Enquirer: 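One structure is given below, represented as structure tokens, and several questions about it will come after.
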Amino acid sequence: MSLLARLAPHLPYVRRYARALTGDQSTGDNYVRVALEALAAGEQQLSPDMTPRVALYHVFHAIWSSTGAQLESGSQIGALGDGRDEASRRLMRIAPRSRQAFLLTALEGFTPSEAAQILSADPRDVERLIADAQSDIDAELATDVLVIEDEAIISADIQSLVKELGHRVTGAATTHDEAVEAVARHKPGLVLADIQLADGSSGIDAVKDILKDIDVPVIFITAFPERPLTGERPEPTFLITKPFQPETVKAAISQALFFHPSRHKEAA
């Protein structure tokens, strides 16, 4: 199989990553082009110890790390003009290494171990970088959170995690009607929702009704992960299965707030 054929399925994604990393589509594409030219000329090799996608990103970073320092200056961040969205501006304010680790895992879906391969770093260092990025994001995007959960202990655990990240819990509902009423009283910036609620009502239905009135990121935390995967709105971008790990919930909150379009409009 030719080099191009091996890499073709991954090129749109590495271009997406390059744009997010640099804050500019043209600049990102140039780095991808240079990486591909280096591969074609034999100046860089795909590592046989990595999957093709991981190896491609690794080569991209070899090129980036050798020539990309100029893009990490304060002048580059300030140069992001009206054509750049707010997410790009936020990303460029995160320390470069943390930004790389965050994007590789949050945007591109790599595991911390794969991100460590790409960055030629220790997995423990990558996890620390991700945590640093999440901390920066949470501090900037602190918001009001509605928790929809009928089990008191789990609800308390989720609320504690939310507060640890610097957000405010402005509503805690156990049924569909309580959730809708809570939003009527105070519009949240984030919803964390269970699916099966106390009175037999549905968290999915509650979220559907909430989304009729406001555009807000939603994270489902459920013991029934197959139920919201119907192909219809609200098809979840963020779905966490119970029992959950606290760090998983924290990471999902950071990602949901960072990448949701409504958050970008509010900050503009």
Side-chain angles (χ1 to χ4, degrees), residues 20 84-94 98-99 102-103 105-107 130-150 154-195 197 201-222 228 233-240 242 244-268:
R84 311 295 182 258
D85 60 27
E86 182 61 23
S88 294
R89 285 189 284 271
R90 290 198 192 106
L91 280 168
M92 295 303 287
R93 290 196 289 268
I94 297 174
S98 293
R99 181 165 80 248
F102 175 76
L103 285 171
T105 52
L107 182 64
I130 294 169
D132 289 344
Q134 290 173 353
S135 178
D136 290 344
I137 292 165
D138 294 327
E140 183 172 352
L141 296 181
T143 192
D144 296 334
V145 179
L146 169 63
V147 177
I148 308 173
E149 169 60 62
D150 66 325
I154 296 178
S155 179
D157 286 343
I158 294 172
Q159 292 181 53
S160 177
L161 291 175
V162 166
K163 293 174 182 176
E164 284 179 21
L165 295 175
H167 305 298
R168 301 167 295 277
V169 178
T170 55
T174 62
T175 68
H176 169 282
D177 291 345
E178 287 181 6
V180 173
E181 290 169 2
V183 171
R185 291 193 303 270
H186 188 101
K187 289 181 171 55
L190 173 70
V191 174
L192 303 178
D194 191 6
I195 289 177
L197 301 179
S201 60
S202 167
I204 297 175
D205 291 339
V207 168
K208 285 181 179 179
D209 288 340
I210 290 169
L211 292 179
K212 290 176 184 177
D213 297 324
I214 60 174
D215 183 15
V216 62
V218 177
I219 301 172
F220 283 108
I221 304 176
T222 177
R233 196 171 188 256
E235 181 85 8
T237 301
F238 299 97
L239 179 64
I240 297 172
K242 295 178 180 177
F244 57 80
Q245 295 296 320
E247 295 307 315
T248 301
V249 176
K250 290 180 179 179
I253 290 172
S254 298
Q255 295 167 28
L257 290 174
F258 193 92
F259 290 110
H260 195 271
S262 70
R263 300 298 305 172
H264 307 160
K265 294 174 185 176
E266 292 170 13

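All residue numbers refer to positions in the sequence shown, counting from 1. None of the values given here were measured: they were computed from a predicted structure.
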Enquirer: Roughly how far, to the nearest 0.5 Å, is the CG atom of Asp150 from the CD1 atom of Ile195?
Expert: 11.5 Å

Enquirer: Atom CG of Leu107 and atom CZ of Phe258: how far apart are they, to the nearest 0.5 Å?
Expert: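 Answer rounded to 0.5 Å: 9.5 Å.
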
Enquirer: For Thr174 versus Glu149, what's the shortest heavy-atom pair and its separation?
Expert: CG2-O, 3.6 Å

Enquirer: Looking at every heavy atom in both Ser254 and Ile137, which two are closest together, and how far apart are they?
Expert: O-CG2, 3.8 Å

Enquirer: When rounded to the nearest 0.5 angstrom, what distance separates CG in Asp138 from CG in Leu257?
Expert: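 If I round to the nearest 0.5 Å, the distance is 7.0 Å.
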
Enquirer: Hey, what do you get for CG (Leu161) to CD1 (Ile221), rounding to the nearest 0.5 Å?
Expert: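 The CD1 atom of Ile221 is 8.0 Å from CG of Leu161, to the nearest 0.5 Å.
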
Enquirer: Among Asp205, Leu211, Asp209, which one satisfies side-chain contact (heavy atoms from CB on, under 4.5 Å) with Val207?
Expert: Leu211

Enquirer: Taking side chain as C-beta onward, heavy atoms only, is Ile210 less than 4.5 Å from Leu146?
Expert: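 The answer is yes; the side chains approach within 4.5 Å.
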
Enquirer: If you count every heavy atom of other residues, nucleotides or ligands that lies below 6.0 Å from Lys187 atom NZ, does the total exceed 12?
Expert: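 No, not enclosed.
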
Enquirer: Which pair of heavy atoms, one from Ala252 and one from Ile240, lies closest together, and at what distance?
Expert: CB-CD1, 3.7 Å

Enquirer: Which pair of non-hydrogen atoms, one from Leu190 and one from Pro217, has the smallest distance, and what is that distance?
Expert: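 Here Leu190 and Pro217 meet closest at CD1-O, 3.5 Å.
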
Enquirer: Between the main-chain N or O of Ser202 and the side-chain N or O of His176, is there a donor-acceptor pair closer than 3.5 Å?
Expert: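 Between the backbone of Ser202 and the side chain of His176 there is no qualifying donor-acceptor contact (under 3.5 Å).
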
Enquirer: Taking all atoms of both residues into account, what is the closest heavy-atom pair of Thr170 and His186, and its distance?
Expert: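 For Thr170 and His186, the tightest heavy-atom pair comes out as OG1-CD2, 3.6 Å.
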
Enquirer: Do the non-hydrogen side-chain atoms of Pro188 and Val145 ever get within less than 4.5 Å of each other?
Expert: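 No, every pair of side-chain atoms sits at 4.5 Å or beyond.
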
Enquirer: Quick check for you: to the nearest 0.5 Å, what is the distance between Leu165 atom CG and Thr143 atom OG1?
Expert: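 Result: 12.0 Å between the selected atoms.
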
Enquirer: Determine the minimum heavy-atom distance between Ser98 and Ala133, stating which atoms define it.
Expert: O-CB, 3.8 Å

Enquirer: Using 0.5 Å steps for rounding, measure from the CD1 atom of Ile204 to the CG atom of Asp194.
Expert: 10.0 Å

Enquirer: How would you list all residue pairs meeting salt bridge (Lys or Arg N to Asp or Glu O under 4.0 Å) that involve residues 166-179, not counting sequence neighbours?
Expert: Asp144-Arg168

